Amino acid sequence: MAYTKEDIIRMVKEENIEFIRMQFTDIFGQLKNVAITASQIEKAVNNQIMLDGSSIEGFVRINESDQYLYPDLDSFTIFPWRPQQGRVARLICDIYNPDGTPFVGDPRGVLKKVLEKAKKMGFDAFNVGPEAEFFLFQTDEEGKPTTKTNDEAGYFDLGPLDHGEGTRREICIALEQMGFEIEASHHEVAQGQHEIDFKYADALRTADNIMTFKLAVKTLAQKNGLHATFMPKPIFGINGSGMHTNMSLFKNGQNVFADPDGAKGLSKECYAFIAGILHHMKGLTAITNPLVNSYKRLVPGYEAPCYMAWSASNRSALIRIPATRGLGTRVELRCPDPCCNPYLALAVCLAAGLDGIEKGMTPPAEITENIFQMDEETRLAAGIESLPGSLEEAIKAMQGDKLVMDTLGTHVAENYIEGKMKEWDEYRTRVSSWEREKYIVIY
């Protein structure tokens, strides 16, 4: 959908829209917005809405706080869950400095830069299809989330066991009204766990869609008295939530990863892309798995990958190549979790893959056995390394990866590392209930 400024102004009037949310994402993946009234829409489409960047974590210092929101007109959509009177629409924005240059701390800008590089290399599209999982929990009398699910369903089960089914259906309908094409929606392995897959799109649109998706899920769950969380591992002992990310590169409308004559129907570019991601994976992990809690999901035994290997069919590998060939050929990275900042995550994944293509990298041999069942010696003999085991380890690996640091740019990288190290220190020094239960009586 290509909208003009006039289209937006007309729609705001015709659709009786009272508020427009000018949305953007901070470097930690939190959705922010400046709400304006309909009377301000002309200013908005002419990039005249200002933002105080010093109040956003990791954006700018107090002395340089004025910034401007430049809306992406094609992102205009009406929130279907708001009342018909006093309707609310949104525009996703890029952030610019007062002198008209893009702000270096804008995650959307980070992704745009890498997409520009892909274009220069001759690739006209980087398509991404995410599979985001989440939990629906009940809330207590005060409306605070519990970890109770009131749900006895399992993978792909249907109601009446699946109490979240009604909410999931509502989310799907709302997303379709906002222009999403929902490909699948089902109950996941764990109680209270759900997955909704929407059709792939180019990377920028997909990152926008992930942010919209998270907002819709949380808003509609809350409306139904439930709490939706994308936290990677909310409950010990059961599967966590991931966001498998399916990626493909296109040139002149053709999928670059497909080659009917190549081994397994894959092109040399596809193998080089896989090699690039594996080569940089340790440095990418702090971005794809950004929380202290992310590393509680990346452990053996719960279907989440924690070993760096690739395979055409093996779900215990970090990178899987789904069976579809031709236009549907894609590389599925299985470690990201839905808490990541999608703009930064897709930017660093693409940068790593392009690095593999530029340097003609070759991936290690495919691993077809179940890696979870191998002992450490066998894994080492096969050259299979582990992902970082903690946020601290991941941050250190990121600092040591020049490509990842350069892709993020100094501003984003420094602020991201500072914020994440603060988070790690807070966790490291906090006394947990596990420690009390373990030690308070015996010692």
Side-chain angles (χ1 to χ4, degrees), residues 1-26 29-51 56 67-96 100 102-103 106-112 115 125-130 132 170-182 196 198-220 223 341-343 346:
M1 193 71 79
Y3 289 134
T4 63
K5 293 177 187 181
E6 292 68 36
D7 290 337
I8 307 278
I9 293 165
R10 189 192 73 249
M11 285 189 291
V12 167
K13 208 182 230 116
E14 284 174 2
E15 299 283 351
N16 295 322
I17 290 161
E18 283 187 17
F19 292 97
I20 299 97
R21 286 193 189 171
M22 309 284 283
Q23 293 184 336
F24 60 96
T25 301
D26 75 7
Q30 295 297 316
L31 188 65
K32 306 283 183 186
N33 74 133
V34 173
I36 60 166
T37 56
S39 63
Q40 302 293 299
I41 190 63
E42 279 189 49
K43 272 175 76 176
V45 295
N46 287 305
N47 308 331
Q48 289 166 354
I49 299 293
M50 280 173 69
L51 154 80
I56 309 290
Q67 291 169 317
Y68 285 84
L69 294 169
Y70 282 37
D72 179 335
L73 301 183
D74 297 342
S75 70
F76 181 83
T77 190
I78 297 165
F79 288 146
W81 53 80
R82 295 302 295 247
Q84 289 308 297
Q85 280 75 42
R87 299 178 88 189
V88 178
R90 74 93 206 270
L91 284 161
I92 292 172
C93 304
D94 292 309
I95 300 189
Y96 276 70
F103 168 51
D106 179 12
R108 208 166 181 261
V110 171
L111 176 55
K112 281 182 161 180
L115 291 170
F126 174 49
N127 286 335
V128 182
E170 247 182 271
I171 293 165
C172 290
I173 292 166
L175 289 169
E176 285 187 328
Q177 287 173 323
M178 293 173 82
F180 279 64
E181 190 176 323
I182 303 295
I196 296 173
F198 44 91
K199 189 175 165 62
Y200 71 85
D202 69 274
L204 191 66
R205 195 57 64 221
T206 295
D208 289 344
N209 286 345
I210 291 168
M211 295 307 295
T212 302
F213 171 76
K214 292 202 274 194
L215 176 70
V217 169
K218 282 185 162 294
T219 306
L220 290 163
K223 195 165 129 312
N341 179 329
Y343 301 101
L346 297 184

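Here the structure is a predicted model, which means the values were calculated and not measured.
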Nearest-0.5 Å distance, [atom1] of residue [X] to [atom2] of residue [Y]:
{"X": "I182", "Y": "K199", "atom1": "CD1", "atom2": "NZ", "answer": "12.5 Å"}
{"X": "Q30", "Y": "K214", "atom1": "CD", "atom2": "NZ", "answer": "7.5 Å"}
{"X": "D94", "Y": "L204", "atom1": "CG", "atom2": "CG", "answer": "7.5 Å"}
{"X": "K43", "Y": "L69", "atom1": "NZ", "atom2": "CG", "answer": "11.5 Å"}
{"X": "N47", "Y": "Y68", "atom1": "CG", "atom2": "OH", "answer": "10.5 Å"}
{"X": "I17", "Y": "I78", "atom1": "CD1", "atom2": "CD1", "answer": "4.0 Å"}

Just do the side chain to side chain contact (heavy atoms under 4.5 Å, CB included) check on D7 and F76 with the steps written out, would you? CA-CA 10 Å; D7 290 337; F76 181 83; over 6 Å; no
Which residue, T206, D208, D106, forms the side chain to side chain donor-acceptor pair (under 3.5 Å) with Y343?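 Per the side chain to side chain donor-acceptor pair (under 3.5 Å) rule, the option paired with Y343 is D208, out of T206, D208, D106.
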Kindly determine whether W81 and M178 satisfy side chain to side chain contact (heavy atoms under 4.5 Å, CB included), including the steps that lead there. CA-CA 10 Å; W81 53 80; M178 293 173 82; 3.8 Å; yes
For M22 and I20, run side chain to side chain contact (heavy atoms under 4.5 Å, CB included): C-alpha distance rounded to whole Å, both residues' side-chain angles, the deciding distance at 0.1 Å, then the answer. CA-CA 6 Å; M22 309 284 283; I20 299 97; 4.3 Å; yes
Test side chain to side chain contact (heavy atoms under 4.5 Å, CB included) on F24 and L51 and set out the steps. CA-CA 11 Å; F24 60 96; L51 154 80; 3.6 Å; yes
Go through N209 and T212 one step at a time and tell me if the side-chain hydrogen bond (donor to acceptor under 3.5 Å, both in side chains) criterion holds. CA-CA 5 Å; N209 286 345; T212 302; 5.2 Å; no
Parallel, tilted or perpendicular for Y70 and Y96, by the 30°/60° rule?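 Rings of Y70 and Y96: parallel, as their planes differ by under 30°.
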